[in-house]
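Have a look at the structure below, then the notes.
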Amino acid sequence: MYNNKIINVFNKENVSSTPIWFLRQAGRHIPEYFSIRSQSKDFIDFCLNTDLIVQSTKLPLKYYNIDAAIVFSDILIIPWAMKRNVEFVKGVGPVMDPMIPNETEILNDIDIKNLIKPLDQALKILRSSIPNNVALIGFAGAPWTLACYMIEGHSTKDFLLTRKAVWSSNNWFNKLIDSLIEYVVDILEMQANAGADVLMIFDSWAHMIPSFFWKDFGISPTKKIISNLRKRNILIPVIGFPFKAGSSLINYSYESGVDGLALDWTVDLNWAIKNINPNIVIQGNLDPASLIDKNNNLDKSVKLILDTMNNKRHIFNVGHGLTPECKIENIKKVIEIVKNYNN
Ligand code: CP3
């Protein structure tokens with residue numbers, strides 16, 4: 001097997017320094033990203049082009065001494081496969097045909113693995129061509145977050161349509177979540193079998209779940225996804241990322257079945273140590289905004305994270321994706337501090 005620090009942390013083995021990688025590391029903060037992206041007609045096309053997936057996944061490895069590569073794709077590939085006409089509009093973000101709550105037809109029986117074969121092929125190429133000490137990360141969106149986009153049709157301030165659909169307690173919303181669970185399991189299983197070493201589930205709109213429904217839509221779908229993966233003999237670690245879920249992180253960490261929890265940048269790590277399930281790995285949680293301008297507190301803030309997580313099972317990361325404004329030199333500096341850290 002590989003000698004990879006991220007896998008070692010999951011396996012409770014000692015590591016010489018804290019492993020590090022960055023959410024959205026393969027994106028617009030790297031200049032070459034734009035020339036790779038311009039080779040496809042649109043963003044979905046890009047996500048379905050094996051060669052371009054391979055190139056963009058490897059891009060951050062050229063710049064950074066990091067311990068993981070996250071495969072280039074998008075969580076919205078599932079709504080695309082469900083024929084929601086997903087498009088990425090410059091300056092707006094993702095848009096798609098909104099589903100009307102109570103819409104009778106939820107697409108079941110989609111052969112998702114067949115529709116996203118390029119991702120499967122890319123992972124196979126990547127696993128055999130990136131160094132063994134770099135973990136390959138596969139991912140999917142959590143059912144709640146995918147349902148949010150599918151019901152609203154785009155990002156909104158408060159996801160009111162989705163929350164209304166939940167409170168109306170109709171079977172329709174549960175059916176949508178159930179089909180999403182199936183597709184997420186399929187897509188994660190495919191990525192694991194193609195060579196992913198770790199899987200991550202992004203629940204970017206977890207903070208929109210009413211607390212009354214937290215167990216039903218924040219915890220239960222992830223729990224089902226993980227137990228279905230285990231039944232299919234996918235045994236690799238799963239990291240959950242319920243973004244800004246606050247106090248709900250506690251029961252998520254004990255009940256969802258995740259092996260690792262990614263924390264957003266608002267979480268106090270001392271609070272996390274006291275409250276989060278001590279048997280899981282913590283990933284995070286530097287604010288990506290700290291990497292934009294010249295920042296005199298960068299050194300101090302990175303070391304504070306390392307000091308707090310010292311002797312704990314920890315993967316260094318940002319608390320949300322890098323933005324296009326993040327500076328390569330700041331990111332390099334963070335990596336250097338983490339790699340040279342001695343307590
Ligand atoms: O580098 C990586 O992390 C791997 C690839 C990756 C992308 N999206 C590529 C991407 C990953 C892991 C994602 C996850 C994703 N996608 C999430 C969960 C994480 C989060 O940010 O909360 C979400 C909510 C999405 C949906 C999505 N995709 C949005 C809202 C947007 C627009 C955001 C923006 O900043 O414009 C995207 C587009 C997208 N996905 C880009 C990239 C590199 C930018 C596309 C471009 O214009 O080139």
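Remember, predicted model here, so these are calculated numbers, not experimental data. Atoms within each ligand, like the ligands themselves, are counted from 1 in listed order.
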[atom]: nearest protein contact (heavy atom, Å):
atom                    : result
atom 1 (O) of ligand 1  : Ala26 N, 2.9 Å
atom 26 (C) of ligand 1 : Asp74 OD2, 3.5 Å
atom 12 (C) of ligand 1 : Phe139 CZ, 3.4 Å
atom 23 (C) of ligand 1 : Ile75 CD1, 3.4 Å

Asn330: side-chain contact (heavy atoms from CB on, under 4.5 Å) partners, not counting sequence neighbours: Leu291, Leu298, Lys327

Has ligand 1 got any nitrogen or oxygen that is less than 3.5 angstrom from a nitrogen or oxygen of Phe72? no

For Trp205 and ligand 1, does the shortest N/O to N/O distance drop below 3.5 Å? no

Measuring from [atom], which candidate in [options] has the nearest non-hydrogen atom?
atom                    : options                       : answer
atom 32 (C) of ligand 1 : Ala142, Pro324, Ser155, Pro94 : Pro94
atom 48 (O) of ligand 1 : Arg37, Arg28, Arg24           : Arg37
atom 45 (C) of ligand 1 : Phe43, Phe241, Phe46          : Phe43

Considering the heavy atoms of [X], write down every atom of ligand 1 situated less than 4.0 Å from one of them.
X      : value
Tyr149 : 24 (C), 30 (C)
Ser204 : 18 (C), 19 (C), 20 (C), 22 (O), 24 (C)
Val71  : 4 (C)
Phe88  : 28 (N), 37 (C), 38 (C)
Ile70  : 1 (O), 2 (C), 3 (O), 4 (C), 12 (C)
Tyr33  : 43 (C), 45 (C), 46 (C), 48 (O)

Which bit of Phe243 gets closer than 4.0 Å to ligand 1, counting heavy atoms only: side chain, backbone, both or neither? neither

Applying a heavy-atom cut-off of 4.0 Å, say which part of Ser73 lies close to ligand 1: side chain, backbone, both or neither. backbone

Counting distance only, does the side-chain N/O of [X] pair as donor-acceptor with the main-chain N or O of [Y] below 3.5 Å?
X      : Y      : value
His320 : Leu23  : no
Arg313 : Asn279 : yes
Asn4   : Asn133 : yes
Asn49  : Ser40  : no

Can you list the steps and then say if Asp197 with Arg127 is a salt bridge (charged side-chain N to carboxylate O under 4.0 Å, His left out)? CA-CA 9 Å; Asp197 302 297; Arg127 191 54 284 172; 2.6 Å; yes

Between Arg232 and Asp186, is the closest basic N to carboxylate O distance under 4.0 Å? yes

Validation: residues 157-168 side-chain donor-acceptor distances under 3.5 Å, sequence neighbours left out:
unit_1	atom_1	unit_2	atom_2	d
Thr162	OG1	Glu152	OE2	2.8
Arg163	NH1	Asp158	O	2.6
Ser168	OG	Ala165	O	2.9
Ser168	OG	Asn170	ND2	3.1

Using side chain to side chain contact (heavy atoms under 4.5 Å, CB included) as the criterion, point out the one residue from Ile226, Leu199, Ile201 that pairs with Val258. Ile226

What do the steps show when you test Asp67 against Lys339 for salt bridge (charged side-chain N to carboxylate O under 4.0 Å, His left out), and what is the final call? CA-CA 11 Å; Asp67 300 295; Lys339 297 277 173 191; 2.9 Å; yes

On the 0 to 90° scale, with breaks at 30° and 60°, tag the Phe139-Phe202 ring pair as parallel, tilted or perpendicular. perpendicular

Examine ligand 1 and decide if any of its atoms is less than 4.0 Å from a heavy atom belonging to His320. yes

